[in-house]
Amino acid sequence: MNGVHDLGGMHGFGPVIREPNEPVFHSEWEQRVFAMALTAMGRRVWNVDEFRRAIECMPPARYLAATYYEKWLHALESLLLEKGAVTPEELLSGHAAAPAPAKGTGPLDGGGGDVESFDSSAVKLRFDKSFKPRFKPGDRVVARNLNPKHHTRLPRYARGKRGVIRYDQGVFIFPDTHAHGQGAKPQHVYTVAFEAKELWGADHKERASVYLDCWDNYLERAAVMPAARPAIKSAGRARMAKPAAKVRAAAGRAKKGRKR
Amino acid sequence: MNGVHDLGGMHGFGPVIREPNEPVFHSEWEQRVFAMALTAMGRRVWNVDEFRRAIECMPPARYLAATYYEKWLHALESLLLEKGAVTPEELLSGHAAAPAPAKGTGPLDGGGGDVESFDSSAVKLRFDKSFKPRFKPGDRVVARNLNPKHHTRLPRYARGKRGVIRYDQGVFIFPDTHAHGQGAKPQHVYTVAFEAKELWGADHKERASVYLDCWDNYLERAAVMPAARPAIKSAGRARMAKPAAKVRAAAGRAKKGRKR
Amino acid sequence: MSEEHDHHNAPPSEPAQRVKALEQLLVEKGLVNSQALDELIDTYERRIGPRNGARVIARAWTDPEYRKRLFENAAKAIEELGFPPGPQGEHMMVVENTPRTHNMVVCTLCSCYPWSVLGLPPVWYKSTAYRARAVSDPRGLLSEFGVDVGGKEIRVWDSSSEMRYLVMPERPAGSESLSEDELAELVTRDSMIGTGLPKSAARRARETNRAAK
Amino acid sequence: MSEEHDHHNAPPSEPAQRVKALEQLLVEKGLVNSQALDELIDTYERRIGPRNGARVIARAWTDPEYRKRLFENAAKAIEELGFPPGPQGEHMMVVENTPRTHNMVVCTLCSCYPWSVLGLPPVWYKSTAYRARAVSDPRGLLSEFGVDVGGKEIRVWDSSSEMRYLVMPERPAGSESLSEDELAELVTRDSMIGTGLPKSAARRARETNRAAK
């Protein structure tokens, strides 16, 4: 979804304003929204991808005007309705007309604090060797020009841009389908380095790069670079090689048997 | 400026809602705002590019929530302040503390209805043969990946995309500089045809193209197409050739001596 | 509430009040003249509107020489009919629907529109929804407007420059016997934006009959 | 006022009221338990916060074996210190600042943040301004934060996946004699996001003296 939530590279949002000695929450209702949303997610009434999708579906002007927990509240209410856990009348009255349907609601232990993992982050899946990576660190790739109406985690600023695979982070659930009840489609996620010049144009002077996590489905192998696009300098590659190798060693241990 | 005003290709804005028997204006204040803004522009207190820039500088959440004439009112007030024609105190009180400075305000004839041309649209300039076109109809181009903080008329959806020059529309003032008091930089504007697949990705099924007017500075000559990108079909070109030629004949008369 | 909220959303005072104060101020400054504003408003409320464009299209459907001049220099040919270019009408191009091509106009970056022939744009043309979707989902949008262009290629004209585009719809079948004035009645505003088709001759006949009763 | 306005901006009722009704409803439904919510809130207000991350960084600065384990499997090494992964902390990677590279973390699409080591994010991290600018103008943004990274290459980590990133700042010069606990006091939240640098040992000494007076 090309939504207003996709903010990377946008202008006009003013300076970043910081609050000295900021509290964790600014009001009681923020606390309650946070805890209710987390509990529902922990009990798998919905998954984290659905939650993000619900936030992104806020009307754009309201999304931009809302605070963080106003967005959570919107998602909480709209997902409870979507999942049939509550009715619009119940939301208004604050009273249950019927008990919640059993689907998707695990037992309540009352213990608090022990919210289960979000299911997108299943740890076992990440190191499952039956999912083969399509790319390896060092491979040159291009982010696909995707403009889906559905939820996606490929931001607009990266689409059509060339980068280099830095890390294979293992296997993760695919948000584009998982956010819509269309399956987990597990696949490798790679951290791809994009140079600032590639993202923002040849005039961009800053020595910077963006490291973006890309699901396998977001990427294609880069064709031979046309002359117009500057190749990533080998000096840059050499510089990055050391820390990459270091951290990769860890992944390597967990994922032994995979080919680089 | 990568602002929220750059809406082409965005999702989440809902259906297009039409009002049956819509009046030209919805309230008296809309009428006054329209007429005052037009008068100020006609008297060259500011130019149309500055006016658009002022609208785009609205805080993003307000831009999206505002109606058309609320945006005009914002621009009207902020440009009057910027040009020093009024002070913040005067705006609040509704009374002049001092007469307006002479700069940029031509004589008022009181005749109404005869607002002068906006200066961006100077008709003479358009057919000035001293500005040579860099491209000719049929040339393959790529829209540059520009992400300026300043005003621009190159929308994000076209950046980095390949298209074909269809028409040379003649010479126009360059909004990127003209919106900021940095000169007219006149140059050719070309209508460039971009295929839907090129803009929205290979999955895009629709048989459509977008015809976008691009200033010379927005374009580069396209390098040889890499294999991954489908070339524009020659059948498509043939289909477009007839009406293109027809209208081009007109431009040709006015711009005799130019090379195709 | 956090700064994120406060920073951008301080609500401005009511437009009607602000505008009243503003006009008073600008009159005192000698920047505007209230009577001249009245005349300008009257011009755009009564004299300039889609009937102008409809006359242009009807003339072009019936007069091959005019049609040729319209494609050669649209602003000049439009002026021939008594419609001066004015703002947002100086650089015009007429784009023609054919059995193979349907044209549709949008301005994704603001709301550019050919004022001299269509008047001021309707709210939907200026809406975020139209501006967002016209370039990426023209067929879906047309179908919401009740327009089916079949297998035609759609060309969406995004008015990013000072060029203004007027769509010349295809002359409806069955309209052979109609006069230029009658033809002008078939040409709707939306058919000249490309989000509609002209009325059929039969529909016009029904409407005329109904009005006569 | 037009539909453009009405369509998207029907103001929802006050959050505090809505939330009260919502909790009551969900308790009746058996979906939440108010006491469990209290405990969850207490956890994120008191037990989980940037002091967790500071302890991790201080340990890594002083214990080469721990440092190695942290780079090998960050979530596991963090758990060693008594900080369970929990939500938004299961897939961690520590990225190290060096004399040539400065790392900085953002989530442009929402506000992903490593809760287990930093707690819940501050409002500025979740703001549209930070999310918009971090990827395209990191140096300008750092300078607003009062951070000058000189000629270093900046790497901006955009947390688009379930991976969470923690920046390991460079250990400040002059901190050689400090204990692990004292080092942890140098490690600010912002230095672990990459929008700040650790306190200097001298500043810590001044602050300790002032507090003692």
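Computation of the quantities below employed the complete heavy-atom set of this structure, encompassing side-chain atoms and omitting hydrogens, waters and symmetry-equivalent molecules. Reminder, nothing fancy here: chain letters follow the sequence lines and each chain counts from 1.
- The main-chain N or O of Met163(D) is never found under 3.5 Å from a side-chain atom of Gln169(A) such that the two would form a donor-acceptor pair.
- Rounded to the nearest 0.5 Å, atoms OH (Tyr44(D)) and CZ (Phe25(A)) are 9.5 Å apart.
- A 4.5 Å side-chain heavy-atom check between Tyr130(D) and Ile17(A) finds every atom pair outside the cut-off.
- Taking each heavy atom of Arg32(A) and Ile41(D) in turn, the nearest pair found is NH1-CD1, 3.4 Å.
- Looking at Val210(A), the atoms closer than 4.5 Å to chain D (heavy atoms on both sides) sit in the backbone and in the side chain alike.
- With rounding to the nearest 0.5 Å, the separation of CG in Leu109(D) from CG in Leu212(A) is 8.0 Å.
- In terms of heavy-atom pairs under 4.5 angstrom with chain A, the leader among Pro121(D), Ser159(D), Pro122(D), Gly140(D) is Pro122(D).
- Here the NE2-CD distance, from His95(A) to Gln24(D), works out to 4.0 Å after rounding to the nearest 0.5 Å.
- Applying the 6.0 Å contact sphere to CD of Glu28(A) captures no more than 12 heavy atoms from other residues, nucleotides or ligands.
- Across Val16(A), Val4(A), Thr191(A), the residue that shares the most heavy-atom pairs under 4.5 angstrom with chain D is Val16(A).
- Residues Arg18(A) and Phe145(D) are in side-chain contact: their nearest non-hydrogen atoms beyond the backbone lie under 4.5 Å apart.
- A distance of 7.0 Å separates CD of Glu56(A) from SG of Cys110(D), quoted to the nearest 0.5 Å.
- Salt bridge absent: Glu206(A) and Lys152(D) never bring a charged side-chain N and a carboxylate O closer than 4.0 Å.
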- Message: Is there a side chain to side chain contact (heavy atoms under 4.5 Å, CB included) between Val86(A) and Leu26(D)? Walk through the geometry before answering.
- Response: CA-CA 8 Å; Val86(A) 305; Leu26(D) 297 191; 4.0 Å; yes
- Does the pair Glu162(D) and Arg52(A) meet the rule for a salt bridge (charged side-chain N to carboxylate O under 4.0 Å, His left out), with working shown? CA-CA 12 Å; Glu162(D) 294 308 322; Arg52(A) 293 198 186 108; 2.9 Å; yes
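- What you find for Gly14(A) and Ala129(D) is that their closest heavy atoms are O-CB, 3.5 Å.
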- Trace of the side chain to side chain contact (heavy atoms under 4.5 Å, CB included) decision for Arg131(D) with Met10(A): CA-CA 9 Å; Arg131(D) 289 164 53 193; Met10(A) 293 292 280; over 6 Å; no
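- For the pair Ser161(D) and Val189(A), the tightest heavy-atom approach, listed with the atom from each and the gap, is CB-CG1, 4.0 Å.
- Using the six-membered ring where Trp is involved, His91(D) and Phe172(A) have ring planes that are perpendicular, over 60° apart on the 30 and 60° scheme.
- Looking at Arg133(D), its side chain never comes within 3.5 Å of a backbone N or O of His11(A) through a donor-acceptor pair.
- Thr152(A) touches chain D through its backbone: at least one of N, CA, C or O sits under 4.5 Å from a heavy atom, while the side chain does not.
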- Could you give me the CA-CA distance, side-chain angles and deciding distance for Ser209(A) and Glu153(D), then say whether side-chain hydrogen bond (donor to acceptor under 3.5 Å, both in side chains) is met? CA-CA 8 Å; Ser209(A) 50; Glu153(D) 189 212 347; 2.8 Å; yes
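- Here the CZ-CD distance, from Arg18(D) to Glu70(A), works out to 8.0 Å after rounding to the nearest 0.5 Å.
- A side-chain donor-acceptor contact under 3.5 Å links Tyr157(A) and Asp158(D).
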- After noting the C-alpha distance and the side-chain angles of Phe34(A) and Leu37(D), does the key distance pass the side chain to side chain contact (heavy atoms under 4.5 Å, CB included) rule? CA-CA 9 Å; Phe34(A) 169 76; Leu37(D) 299 184; over 6 Å; no
- Are Trp200(A) and Val135(D) close enough, and set up right, to give a side chain to side chain contact (heavy atoms under 4.5 Å, CB included), and what steps lead you there? CA-CA 10 Å; Trp200(A) 314 114; Val135(D) 285; 3.9 Å; yes
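- Between the side chain of Thr108(D) and the main chain of Leu7(A), no donor-acceptor pair closer than 3.5 Å is present.
- The closest side-chain heavy-atom distance from Met41(A) to Pro87(D) is not below 4.5 Å.
- Interface remark: of the candidates Val27(D), Leu25(D), Ile48(D), Leu25(D) forms the most heavy-atom pairs closer than 4.5 Å to chain A.
- We find that Glu90(D) and Arg126(A) are not joined by a salt bridge, their nearest charged nitrogen and carboxylate oxygen being 4.0 Å or further apart.
- Minimum interatomic distance between Cys107(D) and Arg153(A) (heavy atoms only, all atoms of both residues): SG-NH2, 4.0 Å.
- Contacts between Arg164(D) and chain A at a heavy-atom distance below 4.5 Å involve the side chain alone, from C-beta outward.
- Counting heavy-atom pairs under 4.5 Å between each of Asp137(D), Asp38(D), Asp42(D) and chain A puts Asp38(D) at the top.
- A side-chain donor-acceptor contact under 3.5 Å links Lys29(D) to the backbone of Ala85(A).
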- For the pair Trp124(D) and Tyr68(A), evaluate ring-ring contact (aromatic ring centres under 6.0 Å, His included) and give the outcome as yes or no after the intermediate values. CA-CA 10 Å; Trp124(D) 64 257; Tyr68(A) 184 64; over 10 Å; no
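- A ring-centre distance under 6.0 Å is not found for Trp157(D) and Phe194(A).
- Side-chain contact between Glu28(D) and Glu90(A) is absent, with no heavy atoms from C-beta onward closer than 4.5 Å.
- When side chains are defined from C-beta on, Leu80(A) counts as touching Leu22(D), because their heavy atoms get closer than 4.5 Å.
- Taking the side chain as every heavy atom from C-beta outward, Tyr69(A) and Val19(D) never approach each other to under 4.5 Å.
- Rounded to the nearest 0.5 Å, atoms CE (Met36(A)) and OG (Ser34(D)) are 8.5 Å apart.
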